[in-house]
Amino acid sequence: MVEIELDGKKVEIVEGSMVMHAAEKAGTYIPHFCYHKKLSIAANCRMCLVDIEKAPKPMPACATPVTQGMVVHTKSDKAIKAQKSVMEFLLINHPLDCPICDQGGECQLQDLAVGYGGSGSRYAEEKRVVAVKDVGPLISMQEMSRCIHCTRCVRFGQEVAGVMELGMSNRGEHSEIETFLGQTIDSELSGNMIDICPVGALTSKPFRYSARTWELSRRKSVSPHDSTGANLIVQVKNNQVLRVVPFENEAVNECWIADRDRFSYEALNAPDRLTSPMIKHGGKWMNVDWQTALEYVANGLKEIKANHGAGAIGALVSPHSTLEELHLAGQLVRGLGSQNIDYRLRNADFTPTNGVRYLGMPIASLSTLQRVLVVGSNLRKDHPLFAQRIRQAAKSGAAVHVLGSGSNDWAIALKQEIHAVAAEWLVQLQGVAAALADIAQVPSQYAVTPSAQAQAIAKSLASGERKAILLGNAAAHHGQASALLAVANVIGRLSGATVGYLTEAANTVGAQFVHATPGQGGLDAGQMLGGALKAVLLLNTEPAFDSAPGSVAVTTLAKAEMVVSLSPFKTNLDCADVLLPIAPFSETPGTFVNAEGRVQSFHAVVKPLAETRPAWKVLRVLGNMMKLDGFDYESAQEVLKAVFGAEAPDFLPVGRLSNDCDAPFTGAYEGADPCVARIYQLDSLVRRASSLQLTADARVVATEGVSA
């Protein structure tokens, strides 16, 4: 540790730290633009000049290492004069168009100019003008004349997103931040560049000119998309969501969010929002009131139970639904005497599990791994924020290995890659286990000859300390999912690595916890999608896009006597008989459980649209109308309390979390490639976010004709 004096106070800081770090520890603010705690030091802007005793001139706090006994003054006349001089230079070419700038009200330059700017300018020449640039549907570079060349956006792309899409061309006053060769910004984390831009050079294209920052109410929420459980600030005006930005949580999403977390809010205002209950009559859809719709559903379920038995009723539910919704859906189905409920619409292997499958480690630990083997995942697109953490681990020397079927651009330095068709994944993984057995000099369970890559992966996993085997979405949906997990556990035992699932959706872990899976004798999702039911409840899911059979499932479900679609959107029109408008995550309280088992509750940020109702209320009323026990909840908090039997914990009980699987696999691989949704096809919200559907990732799906 090194001790310095900062504005008269003694501060102890780790040797090698910068003056800026010491100031942060002491709670002293030093004005800056280019410095960001998550990025490398560039010392471009010089706004953080401070007065250091015995130094011949002011020094940049962000790039000056501390030394024992150093004396620093951040508010001396010398420091303030230097900072004001820098501000004068920054404002020479700035357009000073604050009244029309989207960044007005939350602009660092604007804020600091109040304290360090002059009342007039000595510069009388024409200001420079930078040409307008179109870099895609998400980021606006219409006013790059405002850019102060802090290079935060450049460094973010290179260091965090792993793709250097922006760079600086030319020199001096001709310098410009731009993409090269007319390319667009296509990173799945690109929206974070908007947040870290300290001026109004990079702004949100979908939000552009929608509202002023002081007009917006800010409310906390949780992302309903992948299993990170990213913490959000949802910004609202006139009961309408207009912007979503990250809420910093170092243990979960740090200060970043993925683009689908940021821009999917557009779907909340989509033209196909379902605003009132609808019933199909004579092949035509009719708007009805809630009482009529719910009586139709309740009477229909009673009749089908009487005619065909409770086993003819089932629910296909989405793992993007809240814990409360999933719990009540299960309670409703089981209250009717059925065990047919399942969230695993994309799965091919429905082997019963002996615990809740989860990440197996804290999310923050991904950043410090030394060895990692990822099986069956396009990590960068499936889990952008997990990929970002593993990217940081790789930059620190971690060896990242991959077993999968594609040559995806991970934007991570990979050590070993095994590319194989899905049918060969099990054998390839067994090869790694066999090679580890050879290294450990123990008998191998598998009569396979390891490939050179498998041997290299085994050698890597046999060394190091912090190690993990991570199974992705494709591994979870694989026809041999349980066998892959069993082999992964063998590898984990031989190498000392943690074994876990990345898990697909916002509440995949929660869905398992509340038993949104078939009970004894119940039908799994594959059987229900195959036409085994007479009455089907579709909770927040679109089988055409969310299931392995896809459009085939729609045709099959249409043959049922009654299909009830609970969705925020006018969807499932080809198979449903009743449409019930339920609230998306922004209009209902609820709880998601992320990949590590973290329980995160949130409140509604706006009122439900028109006749929309929270799904937990709809399910509760249905239970009451059918006179089922245990549907007397008055709030979502009461439902959550019923789930846990007490107040909700911060994490799921450790005793319920387990990735153990020793089930031997017999038989050959059967089935097509695992069903995996592309990044902007994952759920009903991202599919309806117009700006996301204009991105390069969405265009790939359209070109390939992929629907799920």
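Hydrogens, waters and symmetry mates play no part in the numbers below; they use all other heavy atoms, side chains included. If you're wondering where the values come from, they're calculated on a predicted model, not measured in any experiment.
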Any chance CG of Asp272 has more than 12 other-residue heavy atoms, nucleotides or ligands included, within less than 6.0 Å? yes
Could you check if a side-chain atom of Val643 sits within less than 4.5 angstrom of a side-chain atom of Phe513, using non-hydrogen atoms only? yes
Mind checking whether Phe602 and Phe592 have parallel, tilted or perpendicular rings, split at 30° and 60°? tilted
Is the Lys NZ or Arg CZ of Arg357 less than 6.0 Å from the centre of Tyr501's six-membered ring, within 45° of the axis? no
Side chain to side chain contact (heavy atoms under 4.5 Å, CB included) between Met626 and Lys302, worked out: CA-CA 8 Å; Met626 288 184 283; Lys302 290 176 183 176; 3.8 Å; yes
Closest approach of Gly311 and Leu533, non-hydrogen atoms and distance? O-CD2, 3.9 Å
State whether Asp226 and Arg260 are salt-bridged, where the test is any N-O pair (Lys NZ or Arg NE/NH1/NH2 against Asp/Glu carboxylate O) under 4.0 Å. yes
Side-chain H-bond candidate by donor/acceptor type, Thr591 with Glu324, under 3.5 Å: yes
Keeping to residues at least two apart or across chains, list the salt bridge (Lys or Arg N to Asp or Glu O under 4.0 Å) pairs with something in residues 610-622. Glu611-Arg613
To the closest 0.5 Å, what do you measure between OH (Tyr343) and CD (Glu504)? 9.0 Å
Of all heavy-atom pairs between Ala535 and Leu301, which one has the smallest distance, and what is that distance? CB-CD2, 3.9 Å
Closest approach of Asp259 and Leu189, non-hydrogen atoms and distance? OD1-C, 3.5 Å
Any sub-3.5 Å donor-acceptor pair from Asn473's side-chain atoms to Ser377's backbone N or O? no
May I ask you to check whether over 12 heavy atoms, not counting those of His308, lie within 6.0 Å of atom NE2? yes
Between the main-chain N or O of Val514 and the side-chain N or O of His327, is there a donor-acceptor pair closer than 3.5 Å? no
Indicate yes or no: at least one non-hydrogen side-chain atom of Asp574 is less than 4.5 angstrom from one of Leu557. no
Quick one, Leu359 and Arg598 - any side-chain contact, counting heavy atoms below 4.5 Å? no
If we ignore hydrogens and angles and just use 3.5 Å, is the side chain of Ser338 paired with the main-chain N or O of Ile313 as donor and acceptor? yes
Determine whether the side chains of Ser227 and Thr503 contain a donor N or O and an acceptor N or O closer than 3.5 Å. yes
Nearest atoms (heavy-atom pairs only) where Leu274 meets Thr612: O-OG1, 3.4 Å
Paired with Gln388, the side-chain hydrogen bond (donor to acceptor under 3.5 Å, both in side chains) test is passed by just one of Glu254, Glu188, His383, namely Glu254
Above 12 or not: heavy atoms from other molecules or residues under 6.0 Å from CG of Asp629? no
Checking Arg380 against Ser187: is there a side-chain donor and acceptor pair closer than 3.5 Å? no
Asn192 side chain to Trp256 backbone, donor-acceptor under 3.5 Å: no
I want to check something: taking the side chain as every heavy atom from C-beta on, are Leu685 and Phe585 in contact at a cut-off of under 4.5 Å? yes
Side chains of Asn253 and Thr228: any donor to acceptor distance under 3.5 Å? no
For a 4.5 angstrom cut-off between non-hydrogen side-chain atoms, does Pro584 reach Arg273? yes
Between Gln600 (side chain only) and Ala230 (backbone N and O only), is there a donor and an acceptor less than 3.5 Å apart? no
Is Glu647 salt-bridged to Lys641, going by a charged N under 4.0 Å from an acidic O? yes
Which pair of non-hydrogen atoms, one from Leu539 and one from Ala329, has the smallest distance, and what is that distance? CD2-CB, 4.0 Å
Is a side-chain N or O of Asp683 found less than 3.5 angstrom from the main chain of Val686, in a donor-acceptor match? yes
Are any of the side-chain nitrogens in Arg389 or Glu596 under 4.0 Å away from the carboxylate oxygens of its partner? no
Pairwise side-chain contact, Pro206 with Glu266, heavy-atom cut-off 4.5 Å (strictly under): yes
Heavy-atom donor-acceptor pair, Gln681 side chain to Arg678 backbone, under 3.5 Å: no
Taking Asn347 for the side chain and Phe350 for the main chain, is one N or O donor matched with an acceptor at less than 3.5 Å? no
Contacts of type salt bridge (charged side-chain N to carboxylate O under 4.0 Å, His left out), residue Lys280, not counting sequence neighbours: none
Student check: side-chain heavy atoms of Pro319 and Arg344 closer than 4.5 Å: no
So Phe631 and Tyr633, would you call those rings parallel, tilted or perpendicular, with 30° and 60° as cut-offs? perpendicular
Where the side chain of Thr184 meets the backbone of Asp186, is there a donor-acceptor pair that is under 3.5 Å apart? no
Provide the full list of side chain to side chain donor-acceptor pair (under 3.5 Å) pairs with a residue in residues 523-545, sequence neighbours left out, each pair given once. Thr541-Asp546, Glu542-Thr571, Glu542-Arg687, Glu542-Arg688
Grab the two heavy atoms, one from Ala677 and one from Arg346, that are nearest each other, plus how far apart they are. CB-NH2, 3.5 Å
In sequence, state the C-alpha distance, the side-chain angles, and the governing distance for Asp102 and Thr203, and then conclude on side chain to side chain donor-acceptor pair (under 3.5 Å). CA-CA 7 Å; Asp102 246 19; Thr203 55; 4.8 Å; no
Just wondering, are more than 12 heavy atoms of other shown residues or ligands nearer than 6.0 Å to CD in Glu295? yes
Hey, does the side chain of Asp342 reach the backbone of Pro518 with a donor-acceptor pair shorter than 3.5 angstrom? no
